[in-house]
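I have placed the structure first, in the form of structure tokens, so that the comments after it can refer back to it.
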Amino acid sequence: MENIRLEYGETIIGDYGLFWDDKIKSISESGHVYITTKRLVLSYAKLHVFRADEEYSYSYPLSSIDHIEVTQLPKNSRDDTWYKCKAYLSNGVIHFSDPRYEDFAPFVNTLNAEITGDPNPLVGPKQTLVSDVANALSSVTNQFTTAFSKKTVPQQAVAEKVSISCPGCGATLTGWHGKTVICEYCTASRQL
């Protein structure tokens with residue numbers, strides 16, 4: 001972990017290994033992404049063979065992040081596509097991606113909770129073989145039920161003509177039971 005200079009009262013909430021493409025600063029890297037109580041910190045290293053590695057970090061205030069959008073999740077446990085999201089800032093966008101659910105999901109859910117105050121996760125449980133089988137069985141069960149269930153046609157209620165006196169003027173109101181009629185004399189409305 002790189003030494004990050006924290007401001008007074010600032011603490012690190014999470015540390016995630018991710019890939020990012022920062023469209024604001026035109027930096028595409030992989031490294032550590034830290035979420036603090038005040039900032040989103042991106043840290044990476046330039047590795048060198050014959051000299052010391054160089055470490056870089058830069059940050060954005062959490063208040064500059066408008067929202068986060070999940071753009072790609074693997075469809076099932078055998079899908080090898082990467083997890084992807086976009087963080088929309090007031091001055092641009094940063095794309096984040098990772099092949100590992102274990103880093104991606106907590107990052108997205110923590111960042112979303114910090115910027116919106118909403119604790120509900122954007123990225124749900126990881127897709128596993130068991131969840132794939134459960135989803136397939138649920139789909140087959142629904143199709144089977146739809147195909148072979150006996151649908152009863154509800155019998156229509158017999159419409160009944162009703163006459164009552166108007167509460168406004170006493171005139172006779174006539175119509176079908178359950179319908180609303182308007183008195184032609186005083187314009188009072190009444191349900192029959």
Side-chain angles (χ1 to χ4, degrees), residues 1-140:
M1 177 173 152
E2 179 186 316
N3 291 330
I4 298 174
R5 292 184 185 201
L6 298 174
E7 298 174 8
Y8 179 76
E10 181 179 28
T11 58
I12 294 175
I13 299 170
D15 170 10
Y16 313 96
L18 297 170
F19 297 83
W20 69 85
D21 182 12
D22 186 339
K23 301 295 185 184
I24 302 164
K25 296 190 183 242
S26 298
I27 298 174
S28 291
E29 283 294 337
S30 66
H32 287 276
V33 178
Y34 302 94
I35 299 173
T36 74
T37 51
K38 296 181 180 184
R39 299 179 291 154
L40 178 66
V41 181
L42 299 109
S43 172
Y44 62 96
K46 292 286 185 185
L47 305 176
H48 301 289
V49 177
F50 296 110
R51 60 185 169 116
D53 296 340
E54 298 171 295
E55 292 185 359
Y56 300 95
S57 68
Y58 62 99
S59 65
Y60 295 101
L62 289 181
S63 60
S64 70
I65 303 172
D66 295 327
H67 68 282
I68 189 164
E69 174 188 9
V70 177
T71 56
Q72 180 175 301
L73 296 173
K75 293 178 179 55
N76 56 49
S77 62
R78 296 169 312 283
D79 188 349
D80 62 354
T81 56
W82 284 32
Y83 297 90
K84 295 181 181 180
C85 71
K86 294 178 185 177
Y88 292 92
L89 286 75
S90 52
N91 58 342
V93 65
I94 304 173
H95 299 256
F96 292 97
S97 60
D98 202 86
R100 297 177 314 271
Y101 175 88
E102 293 74 19
D103 273 337
F104 183 82
F107 164 73
V108 170
N109 293 336
T110 301
L111 182 59
N112 185 60
E114 285 301 308
I115 62 174
T116 66
D118 184 2
N120 295 320
L122 286 179
V123 179
K126 182 178 181 178
Q127 293 295 315
T128 63
L129 181 59
V130 172
S131 64
D132 292 347
V133 170
N135 290 338
L137 288 175
S138 175
S139 175
V140 168

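Keep in mind the model is a prediction, meaning the values are calculated, not measured. Here, residue 1 is the first one in the sequence, and each next residue gets the next number.
Put simply, the side chain of S43 never gets that close to the backbone of H32: no donor and acceptor are under 3.5 Å apart. No donor-acceptor pair under 3.5 Å is formed between the side chain of N112 and the backbone N or O of V108. Here the side chain of T37 pairs a donor or acceptor atom with the backbone of T11 at under 3.5 angstrom.
With sequence neighbours left out, E29 forms a salt bridge (Lys or Arg N to Asp or Glu O under 4.0 Å) with K46. For S59, the side-chain contact (heavy atoms from CB on, under 4.5 Å) test picks out R39, V41, with sequence neighbours left out. Here S28 pairs with D21 under the side-chain contact (heavy atoms from CB on, under 4.5 Å) rule; sequence neighbours left out. Every residue two or more places apart in sequence or in another chain that forms a side-chain hydrogen bond (donor to acceptor under 3.5 Å, both in side chains) with N120 is listed here: D118. Legend: residues meeting side-chain hydrogen bond (donor to acceptor under 3.5 Å, both in side chains) with S90, ordered by chain and number and at least two apart, are absent. Taking H67 as the reference, Y88 meet the ring pair (Phe, Tyr, Trp, His ring centres under 6.0 Å) condition, with sequence neighbours excluded. For A113, there are no side-chain contact (heavy atoms from CB on, under 4.5 Å) partners two or more places apart in sequence or in a different chain. For E7, there are no side-chain hydrogen bond (donor to acceptor under 3.5 Å, both in side chains) partners two or more places apart in sequence or in a different chain. Under the rule for a salt bridge (Lys or Arg N to Asp or Glu O under 4.0 Å), D22 has no partner lying at least two apart in sequence or in another chain. Checked against side-chain contact (heavy atoms from CB on, under 4.5 Å), E102 has the following partners two or more places apart in sequence or in another chain: R100, K126. With sequence neighbours left out, T110 forms a side-chain hydrogen bond (donor to acceptor under 3.5 Å, both in side chains) with Y16.
Residue H95 holds its NE2 atom at 5.0 Å from NZ of K23, rounded to the nearest 0.5 Å. The distance from atom CG of N91 to atom NZ of K25, rounded to the nearest 0.5 Å, is 9.0 Å. The distance from the CD1 atom of I68 to the CG atom of L122 is 7.0 Å, given to the nearest 0.5 Å. Taken to the nearest 0.5 Å, the CD1 atom of I27 stands 9.5 Å off from the CD1 atom of I94. To the nearest 0.5 angstrom, I13 atom CD1 is 9.0 Å from E10 atom CD. Expressed to the nearest 0.5 Å, how far CG of L62 lies from OG1 of T116 amounts to 11.0 Å.
Side-chain contact between C85 and F107: present, with at least one pair of heavy atoms (C-beta onward) separated by less than 4.5 Å. The side-chain heavy atoms of D103 and Y83, taken from C-beta on, include no pair separated by under 4.5 Å.
Summarising the geometry of Y44 relative to S30, their closest heavy-atom pair is CB-O, 3.6 Å, with the distance given to 0.1 Å. Across G31 and W20, no two heavy atoms sit closer than the pair N-CZ3, 3.4 Å. What you find for A105 and V123 is that their closest heavy atoms are CB-CG1, 3.7 Å. Of all non-hydrogen atoms in V33 and L42, the two that sit nearest each other are CG2-CD2, 4.2 Å.
For the ring-ring contact (aromatic ring centres under 6.0 Å, His included) test with F19, the passing option among W82, F96, F104 is W82; the others fail.
Under a cut-off of 6.0 angstrom, the local environment of NZ in K38 is crowded, with over 12 non-hydrogen atoms contributed by other residues, nucleotides or ligands.
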Next item on the list: Could you check I35 against L40 for side chain to side chain contact (heavy atoms under 4.5 Å, CB included), going step by step and ending with a plain yes or no?
Entry: CA-CA 5 Å; I35 299 173; L40 178 66; 4.0 Å; yes
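The aromatic rings of Y60 and Y58 lie perpendicular to each other, with more than 60° between the two planes, well past the 30° mark.
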